[in-house]
S.K.: 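Got a structure here, written out as C-alpha cells. Questions coming.
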Amino acid sequence: MSLTRSCSGLQRRALPGRAGLRPLVVRAAACKDKPAAEPVTGPSELAKRVIGAALGTTTALSLILSPAIAASELVRLPASTDPAVFAAQRTLVEAWTIVGHSFVDPGFNGHDWEGELREHMMKAYNSGDGTAAMGEITAMLEALGDPYTRRIPPEEYAAFRVSSDGELQGVGMLIANEPVNGHLLVLAPIKGGPADRAGILPGDEVTSINGVSTEGWNGEKAARLLRGKGGTEVHVRLARRSAGIPGVPARPDPPAPEAGPVEYRDVSLRRERVQLSPLFFTTLPGPALPPGTGGLMPISTDGRVRSSAGPVGYIRLTSFSSNAAAEMRDAIQELEAAGASAYILDLRNNPGGLVRSSIDIARLWLDGSPVVFNVSGREGDELQQQYVDTPGAALTHRPLAVLVNSASASASEILSGALHDNARAVVLGDEHTYGKGRIQSVFELQDGSALFVTVARYQTPAGTEIDRIGIQPDRACSLGGGTTSTFVAGLPMVPGSSELLVESLMEDSCVRAARDVLQQQVTVVANAATFASEMPARQQSRLGAAARAQAAAAAGGMLPAPPVLAGL
C-alpha cells in the first residue's frame, strides 16, 4: 500500500497502473531456474518485484523497460552486495517508477528517463557508500528542473504527517529552547490534551524526561521522546518559578534574589491522539461607521438580524490540514453568533497544505458550486475547472477581506484566488504571494521516506497564472507604516493574553487596512439593508394614498386612477 496526498486529499490505496502505459516487467537474469515475474502495474508492486529479483540473484537487476525501449530489449543493472547501497538502489528504482507514471511533464524536461535510471543506478552501485548512493535519488530528481519533486527522509516525512493530518500521538505539549540560557520550556499545552489536563503551563521548564536530564537538548530531541504509541506513559519532571510569568517563556531568568522559589513537579502523562488546531479566531472592535449609516445588516443564515456596528471576526489559518475546514466552520458559526458584521481571513505566512482542504474551506464562504481553480495535468494542456463539489449556501455573506504576503503559498493562493475571482473578498497585502502554481502528490516509499511529485499545474478561476508570479493584492496595507503581528496561532490563551493579542492586532498595519476596507463595505451593505427593511412601510404609504385617490375619484364621477404596482 502507498499513501498519497493530492487534489483529492489524504487517501491510502494501492497505486494502479495508468491507462496507455505498458507495465514494467522484472526478471532475474542470473537465476535461470526461476520463471520470469508476471507483469506489474503499480509502482509499489513494481518496486517489490525489483527487490525480489535482486535479492534472488544479488548480482544483477534485469528490467524490460517501457514504453521508450522496445519490449524485447533487456537492460542489466548491477545490484550491490552492500546492504546500505542496495537499499538505496531499491528506493531509487521505486522513485524512478513513480515519477515515470505521474510527473506532470511526460517529456521529463527533455531527459531520457530510461537513461536516467541506468546512469544513477550505476553511480549508486559504484559509490560503495549508502549515503552517497542515496544521494543519487536526489540527483536524479533534480534533473527534472522542478524544485517541488523531491524525496524527504523518514524523520521529515513524520513531521509533515503531523502537520497535514492535524494530529499526533503524544502528550500535547509544544516546547522550545529559551534563547538566553537554552532551557527547554513549554510554549503551550494543547487545549484538552494530556499536558493541559495535568496542569502544565506555558513557561514551565522541562528538566528531565523518563529520568534523563534534558540539559543541552533541543526541542526536537525532546519531542521524539514525548511522542509515542497511544496508551503508553512518559514521565516528565518540571520546574516552575512562582514569580515567573506564564505565557512568556522566552523571558530570561531573573537574578537569583528576584527569582523566587522553584516548584518541582513529577508528572506521568499517558500518550494519546492529540488534535492540533491550525486556526485561531477572535473578535475585533467594529469599524467606526460614518454618521447616518443604517443600523441593520441582512439577516444571517441562523435567522438573526444584527447591528452594523457589530465586531469584526478575525480568523488566522496557519496551514491547510485535514481538520482545517471543520475548524473554520466552527469559527465562522461562533463569530456569526457573536454578531460579526464583517470578517478578516489572515493567510499570511501560510505555506499551504492539502488541496482538498482549500476546496472545502472555499465552500464555507461561497454559494452554489463555483470554480475554485483551473488545473492541467500530464494528459495535455487543456484546462479543467475544479468546482466546489458539494454545493450549498455560504455560512455567511458578510463583507470579507483576505490578508496575504510573500509567504502565502500553494493552497493559500488557491483559496485567496477563488475568493477574489468569485467576487467574494478583497485581497490585501504589501507584496504578491509566493507563486506556487503546482500541485504535488505524496507517495510513501518502502523505506519510510516520501516522494513529492508534481502532478498538475493550476490557475485561478479567472485564468490568472500563479506559478512563479503569485497573486497581486488589490490593495497594499503598510502605506501608513505600522507593525505586523507575529503571534502563533492555535495556542491556548492564558489570563490576560487575549486582551494583549487584540491590542497587537489593532496595531497591525494590514489589519488596520482591512478594517478600513470593511468599513466602506459594511456602510454600503447596512444602508441597503435599512432601505430594504423600510420597503413594506413605503409600500403601505403609497398604497394608502392610492386608495384615497380612488375614493375621491369615485365620489366626483371620475374614472379610478391606474392601480399602483406593488414593489415600487
Side-chain angles (χ1 to χ4, degrees), residues 1-18 42-48 88 90-106 108 113 134 137-138 140-169 227 276 278 318-325 350-361 373 375-378 386 409-415 434 436-458 466-467:
M1 303 295 283
S2 290
L3 182 140
T4 67
R5 298 171 187 269
S6 62
C7 301
S8 56
L10 173 62
Q11 53 187 339
R12 191 174 292 275
R13 60 182 177 84
L15 295 173
R18 294 200 170 210
S44 295
E45 183 62 26
L46 167 69
K48 292 177 183 178
R90 176 181 60 186
T91 304
L92 190 151
V93 171
E94 187 179 10
W96 173 85
T97 306
I98 292 171
V99 170
H101 279 217
S102 57
F103 187 58
V104 66
D105 177 10
F108 304 101
W113 197 238
M134 195 66 77
I137 300 176
T138 301
M140 180 180 71
L141 298 177
E142 286 179 347
L144 293 170
D146 174 35
Y148 306 113
T149 296
R150 67 199 190 280
R151 173 188 172 271
I152 63 173
E155 318 82 62
E156 189 177 336
Y157 178 53
F160 167 80
R161 288 288 303 275
V162 168
S163 173
S164 60
D165 290 349
E167 60 183 31
L168 55 78
Q169 295 273 12
R227 296 172 189 159
L276 299 175
T318 58
S319 68
F320 288 79
S321 61
S322 58
N323 60 328
N350 184 324
L354 302 179
V355 176
R356 176 73 258 173
S357 177
S358 69
I359 298 172
D360 292 340
I361 291 175
F373 59 88
V375 63
S376 62
R378 180 186 177 107
Q386 173 64 56
S410 190
S412 290
E413 294 172 294
I414 288 177
L415 179 59
Y434 184 83
K436 182 179 181 290
R438 310 181 196 186
I439 297 174
Q440 286 73 46
S441 284
V442 183
F443 300 86
E444 186 176 301
L445 303 179
Q446 300 293 325
D447 65 350
S449 64
L451 185 67
F452 286 63
V453 182
T454 296
V455 296
R457 299 183 180 91
Y458 66 87
I466 293 177
D467 199 41

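Residues take their numbers from the sequence shown, with the count starting at 1.
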S.K.: Show the nearest heavy-atom pair for residues I152 and S449, with the distance to one decimal.
M.R.: O-CB, 3.1 Å

S.K.: Evaluate the ring planes of W113 and W96, with Trp represented by its six-membered ring, and classify them as parallel (under 30°), tilted (30 to 60°) or perpendicular (over 60°).
M.R.: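 The rings of W113 and W96 lie parallel, inter-plane angle below 30°.
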
S.K.: Excluding sequence neighbours, so at least two apart, what forms side chain to side chain contact (heavy atoms under 4.5 Å, CB included) with A88?
M.R.: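 A88 satisfies side chain to side chain contact (heavy atoms under 4.5 Å, CB included) with A133, M134 only.
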
S.K.: Once side-chain hydrogen bond (donor to acceptor under 3.5 Å, both in side chains) is applied, do any residues pair with S412, and if so which ones, sequence neighbours excluded?
M.R.: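 Listed in chain order: N350.
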
S.K.: I need the minimum non-hydrogen distance between D360 and A325, along with the two atoms involved.
M.R.: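 Here D360 and A325 meet closest at CB-CB, 3.6 Å.
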
S.K.: Taking atom types as modelled and ignoring hydrogens, do the side chains of Y434 and E413 form a donor-acceptor contact shorter than 3.5 angstrom?
M.R.: no

S.K.: Over all heavy atoms of both residues, which pair between V104 and S376 is shortest? Give the atoms and the distance, please.
M.R.: CG2-O, 4.4 Å

S.K.: Can you list the residues that meet the ring-ring contact (aromatic ring centres under 6.0 Å, His included) rule with F103, with sequence neighbours excluded?
M.R.: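 In terms of ring-ring contact (aromatic ring centres under 6.0 Å, His included), with neighbours along the sequence ignored, F103 is linked to no residue.
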
S.K.: Contact between V442 and F160 at the side-chain level, heavy atoms closer than 4.5 Å - yes or no?
M.R.: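 Sidechains of F160 and V442: in contact.
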
S.K.: Could you tell me which residues satisfy side-chain hydrogen bond (donor to acceptor under 3.5 Å, both in side chains) with D146, sequence neighbours excluded, listed by chain and number?
M.R.: T149, R438, T454

S.K.: Locate the shortest heavy-atom distance separating D447 from P154; write the atom from each residue and the value.
M.R.: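 Nearest pair, atom of D447 first, then P154: O-CG, 3.7 Å.
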
S.K.: Distance-only, no hydrogens or angles: does the S357 side chain make a donor-acceptor pair with backbone N or O of S322 under 3.5 Å?
M.R.: no

S.K.: I'd like to check F320 versus L415 (side-chain heavy atoms, cut-off strictly below 4.5 Å). Are they in contact?
M.R.: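 Yes, close enough: below the 4.5 Å cut-off.
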
S.K.: Give me the atom names and distance for the closest heavy-atom approach of S102 to V453.
M.R.: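 Between these two residues, the closest heavy atoms are OG-CG1, 3.6 Å.
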
S.K.: Look at E156 together with R150 and state whether they make a salt bridge at an N to O cut-off of under 4.0 Å.
M.R.: no

S.K.: What's the shortest heavy-atom distance between G353 and A411, and which atoms?
M.R.: N-CB, 4.0 Å

S.K.: Is the shortest heavy-atom distance from the side chain of F373 to the side chain of V355 under 4.5 Å?
M.R.: yes

S.K.: Identify, with sequence neighbours excluded, every residue that meets side chain to side chain contact (heavy atoms under 4.5 Å, CB included) alongside S410.
M.R.: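 S410: side chain to side chain contact (heavy atoms under 4.5 Å, CB included) contacts with K436.
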
S.K.: Using the test side chain to side chain contact (heavy atoms under 4.5 Å, CB included), find all partners of E142 that sit at least two apart in sequence or belong to another chain.
M.R.: T138

